[in-house]
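Accompanying notes for the structure given below.
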Amino acid sequence: MSFSLLILGACSLEPPEWAKPTKKGNGEGSKIGLSVSTLNNPFFVSLKDGVVKEAKKQGMEVVVVDAQNDSAKQVNDVEDLLQQGVDALLINPTDSAAISTAVQSANSLGVPVVTLDRSAEKGDVETLVASDNVKGGQMAADYIVDMLGEGAKVAELEGVPGASATRERGKGFHNVADEKLDVVAKQTADFDRTKGLNVMENLLQGNPDIQAVFAHNDEMALGAIQAINSSGRDILVVGFDGNEDALNAVNEGKLAATVAQQPALIGQTAVQAVKDVLKGEKVEKAIAAPLKLMVKE
């Protein structure tokens, strides 16, 4: 009975004949479904824009859905896209575990899946297109060494415990920092600006000799700058993401640097990967989008 229900469940997702588009061998005319975790964040808006622009260039149609940071809604959105007869799915997961069932549904229909920025825990994903967070952490540490020299005393503001970005950015940072810097303090501030401010205030009280700060994202970096300014200290701060507020702070000389992601490029690269898959070509299991260290010119 369980096996029969599984087969019936898979069949129920099969799109009607009228919804199945005609596509060419080069991917032209394909219909792509794009599920974004949230369009309330400028980062993901840029990612979506990169997908739409590149798809238009490649002669592909894109159907965009916004999960609004709701993992259950995202699963339903993806199933709706499958009902519409998409040839491929681009998914920016809200939750890597929760999205797995939707990925498996696509697998059962033979619809290829590419994930953007975050991957899925289960199911067959053709490739993950994302920034190289480990490399970004290394870039931040190298910059601090270049600016202050080896042995500089550094504080680290960590992101949400257990998040992949926290693990990877921290790993990259320590690959360099453990050899060339003196990390005197590190504490989580959950990728949050207000928490970054509060944590930095505490760290400054306990570590008056801090010379630099590496924050796992720009929000925490900007919060740290507020605390540093209030203390009257001169401390070099490096963030990660390259959001608008951070880039403005870099240009104003308030933030020393940010490791900038390129979300539009992530979207563009994902469409190119989908085109290759639809043409029957193999793609790498992970495709890294380049990062840029942004400093005041």
### Atom CG of Asp234: over 12 foreign heavy atoms under 6.0 Å
no
Is Ser119 reaching over with its side chain to a backbone N or O of Leu128, donor-acceptor style, under 3.5 angstrom?
no
More than 12 heavy atoms of other residues, nucleotides or ligands under 6.0 Å from CG of Asp49: is that the case?
-> yes
Salt bridge between Asp245 and Arg193, side-chain N to carboxylate O under 4.0 Å?
yes
Smallest heavy-atom separation, Gly137 atom then Phe240 atom, equals N-CE1, 3.8 Å
More than 12 heavy atoms of other groups within 6.0 Å of Lys254 NZ = no
Next on the checklist: Do Thr115 and Val129 make a side-chain contact, defined as non-hydrogen atoms from C-beta onward lying under 4.5 Å apart?
Outcome noted: no
We want to know whether Thr188 and Asp190 form a side-chain donor-acceptor pair, criterion being a heavy-atom distance below 3.5 angstrom. yes
Is the backbone N or O of Val283 less than 3.5 Å from a side-chain atom of Thr127, with the two atoms forming a donor-acceptor pair by type?
no
- Backbone N or O of Val65 within a donor-acceptor pair of the Asp77 side chain at under 3.5 Å? no
Between Val75 and Ala98, the two heavy atoms sitting closest are CG2-O, 3.5 Å
- Has Lys285 got more than 12 heavy atoms of other residues, nucleotides or ligands less than 6.0 Å from its NZ? yes
Exercise. Has the side chain of Gln68 got a donor or acceptor atom that lies under 3.5 Å from a matching backbone atom of Thr38?
Worked result: no
Check: If we ignore angles and hydrogens, is there a donor and acceptor under 3.5 Å between the side chains of Gln261 and Ser131?
Finding: yes
_Ion pair Arg169/Asp241, N-O distance below 4.0 Å_ = yes
Gln83 and Glu79 side chains, donor-acceptor separation under 3.5 Å: no
From the list Arg118, Gln74, Lys73, side-chain hydrogen bond (donor to acceptor under 3.5 Å, both in side chains) with Thr94 holds only for Gln74
Tested for side-chain contact (heavy atoms from CB on, under 4.5 Å) against Leu157, the lone hit among Val199, Val237, Asp192 is Val199
When you compare the side chains of Ser37 and Asn92, does any donor N or O come within less than 3.5 Å of an acceptor on the partner? yes
Open item on the list: Please determine whether a side-chain nitrogen of the Lys or Arg among Asp87 and Lys31 lies less than 4.0 Å from a carboxylate oxygen of the Asp or Glu.
Closed with: no
